[in-house]
There are 2 protein chains.
Amino acid sequence: MSRALLSSCGTMSRMPPGTRARARAETTRAILDEARRQLAEQGAAALSLRSVAREVGMVSSAVYRYVASRDELLTRLIVEAYDAVGERAEAARDPDAPPRAQWRAVWRAVRSWGLEHPAEYALIYGSPVPGYAAPAETIPAAGRVGLLLAAIVAEHGVAPTDEGGSDGILRDGLLPGVDRPLVLPAIAAWTQLFGTVGFELFGQYENVVVDRAAFLDAVADAAASSVGLPSR
Amino acid sequence: MSRALLSSCGTMSRMPPGTRARARAETTRAILDEARRQLAEQGAAALSLRSVAREVGMVSSAVYRYVASRDELLTRLIVEAYDAVGERAEAARDPDAPPRAQWRAVWRAVRSWGLEHPAEYALIYGSPVPGYAAPAETIPAAGRVGLLLAAIVAEHGVAPTDEGGSDGILRDGLLPGVDRPLVLPAIAAWTQLFGTVGFELFGQYENVVVDRAAFLDAVADAAASSVGLPSR
DNA sequence: CAGCGGTGAGAGCACTGCTCTCGGCAGTAG
DNA sequence: CTACTGCCGAGAGCAGTGCTCTCACCGCTG
C-alpha cells in the first residue's frame, strides 16, 4: 500500500550544499526502515531486497546504489538491533536502585524487547543467517548488554573468598572492574539471560514453563546470587 | 559429482511384495541424507530442494512425491537432529559413574555434537527457519536431553531445605521424579547448557572466552551445584 | 557552458519453490 | 495371460528471487 515513500526522490529541491548527501541519507534510512518492517513481519528468511525496493518506490537495481547486497542489508539490521536491545537495557537500569533491582530490570528489559521484536532477536541471537560469516562490524554493538551487566557486578558484586582457578579460560583483561572470581559467573549469567529469553522465544518452553515472566525473575535472582549481588 | 545415487530407481528388480514400499523408503532416505549433507555444508538458508534432487539423480518435481515442501524437509531434518543430539547425550552418560561425572559427560556430549554439526544445531536451537510455525511433531524429540538431565537430578539431586515458592511457574507434573525445589533449577540448567553451547557456536564468545571446553566444564559444575549434585 | 558523477529504469541471467500434465511401468484383478 | 489402476519420473511452466549490466537523465562542479 505504501508505494512511493520517497516522494521527492529524483526531484530533490535545491538546498544547502549538503542536499546530495542528505537525500542519500534519507533514501538509505527509508530502505533500512522498510527492511526492518518486513523483517519484523515475516522474519529474516522472507526478507527480499526486491520487495523492499517495491515498497520504497524504486526498482530493485536502484537499491544496490545504497546497499551492496542482501547480506549487507541484514548486517546493518543486526547492528541496529544490537543497539536497540542495548539502549533498552541501559534505559531500564536505574543506578540508584538496589543492586538486585537493577539486575532484574535489565533482564526484564531484554526479555520484553525480545518479545516485542522476535524476528530481530532471532536475527542477532539466533543462528547467523548469511552463510557463516560472523560480520566483524557487529562485535562492538554486541557487547552492550554484557557490559551493562558487568557494570552492575563491578559495582555491587561481592566475591566469595573460596574461589579461584579459572585462569586462562577467559580473555585476559575482560571486564576490568569486576572481581576476578566473579568474571566467569558474570559471563555465565550473561549467557543465561539470552539463553532463557531465546528458549522462550524459540518455543522450547512450550508445555514446560507456564509463567515465563516469573521464571525469568527466578533465574535472574539465582544468577544475581552467583555474581555476588547482596540479597537485600 | 555423485549423480545418480539411486542406480536402480525406475528399474527395481522383482522382490517380495514389500518391494514397492522398500524402494520408496530408500528414495526417501537418499533424499534426507543428501539434504542433511547440504545442510551441514552450506547451512539451512542455502538448502535447496532442487539441488537435492539434482544430486540424488532426479528432477525437482519428482522429489515432491516424497516431501510435501521444503519446509517439511526441514522439519524432518529437525526431528532427526533432535534425535541425534539426544542419542549422543544418552550414550555419553554412564549410569554407574559419579553423579557429577555423568552430568559433565552429558554437557560435553551436547557441546561436541554441536561443534560437529553446527548447521543442524542452529536448525534446532537457533531461530526457527520456516516462517514462524513451530512444528508440533518436533516436541517429543526436543525433550530428550532435558529428560536425561532430569534423570540425573532425580537420582542424585539433594534439595536444600530452605527453598520453595516456585509454584505455578512451571507446568504441573513436569519432571515427576525430581524433588520439587530442584525442578526450576533443573530447567534453568538445561537452558544454560544450550545457551552456552549456542553462544559458542554463534560467535558470541569471540574475543571473550578463550578456552571454551574449560568454560563449559566450569559452567556445568556450577549448574550441577544448583541442582544439588553432591560435590564428590 | 561543458562534462563528470551519482542516480533510477529496464532488461537480462541464473536460480529458487511449487504446480500441472503427460507417458510409462509395476503390481494386481479378472 | 490380459487388462486395468495407481504410483512414479520427466518436462514445461509460473512467479518470484539476488545480482549485473547498460542506458538515459540531470544536478553539481570545473
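For the numbers below, each heavy atom of this structure counts, side chains included, while hydrogens, waters and symmetry mates do not. Naming convention: chains lettered A, B, ... in sequence-line order (proteins, then strands); numbering from 1 in each chain. Note that this is a predicted model, so its numbers are computed, not measured.
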### Task
Please work out which of the three classes, parallel, tilted or perpendicular, describes the rings of A:F194 and A:W190, given edges at 30° and 60°.
perpendicular

### Query
What is the distance, rounded to the nearest whole Å, between atom CE of A:M58 and atom P of D:dG18?
14 Å

### Query
How about B:R54 and B:S48: does a side-chain donor come under 3.5 Å of a side-chain acceptor?
no

### Task
Look at the side-chain N and O atoms of B:S48 and state whether any lies under 4.0 Å from the OP1 or OP2 oxygen of C:dG17.
yes

### Message
I want to verify a distance call: between D:dT20, D:dG9, D:dT17, whose nearest atom is closest to the A:R50 side chain?
### Response
D:dT17

## Note on the structure
In whole angstroms, the gap separating C1' of C:dG17 from CD of B:E72 amounts to 14 Å

### Query
Strictly by modelled atom types, are A:T196 and A:R111 linked by a side-chain donor-acceptor pair under 3.5 Å?
no

### Task
State whether the number of non-hydrogen atoms from other residues, nucleotides or ligands found under 6.0 Å of B:D94 atom CG is greater than 12.
yes

### Task
With the side chain of B:R65 defined as its heavy atoms from C-beta on, choose the nearest nucleotide among D:dC19, C:dT21, C:dA9.
C:dT21

#### Entry: Atom-pair distance (CG on A:L49; P on D:dG18), nearest Å
5 Å

## Note on the structure
The residue, A:S60 or A:V63, whose nearest nucleotide of DNA chain C is more 5′ is A:V63

### Task
Report the distance from atom CD of A:E26 to atom C1' of C:dG6, rounded to the nearest whole Å.
16 Å

### Query
What is the distance, rounded to the nearest whole Å, between atom CG of B:L47 and atom P of C:dC15?
17 Å

#### Entry: Atom pair distance, as rounded to whole Å: CZ in A:R70 and P in D:dT17
11 Å

#### Entry: Nearest-neighbour nucleotide for the B:V59 side chain, D:dT17, C:dA9, D:dG11 considered
D:dG11

### Query
For D:dG6, does OP1 or OP2 lie under 4.0 Å from any side-chain N or O of B:R24?
no

### Euclidean distance, atom CG of residue A:L74 to atom C1' of D:dT17 [Å, nearest integer]
14 Å

### Task
Indicate whether the side chain of A:Q38 and that of A:E34 have a donor and an acceptor atom separated by less than 3.5 Å.
yes

### Query
Does A:R54 place a side-chain N or O at less than 4.0 Å from the phosphate oxygens OP1/OP2 of D:dG16?
no

### Task
Could you check how far OH of A:Y64 sits from C1' of D:dT20, rounded to whole Å?
9 Å

### Query
A:Y66 side chain N/O closer than 4.0 Å to the phosphate oxygens (OP1, OP2) of C:dG8?
yes

### Query
Which one, C:dC20, C:dC18, D:dG18, comes nearest to the side chain of B:S61?
C:dC20

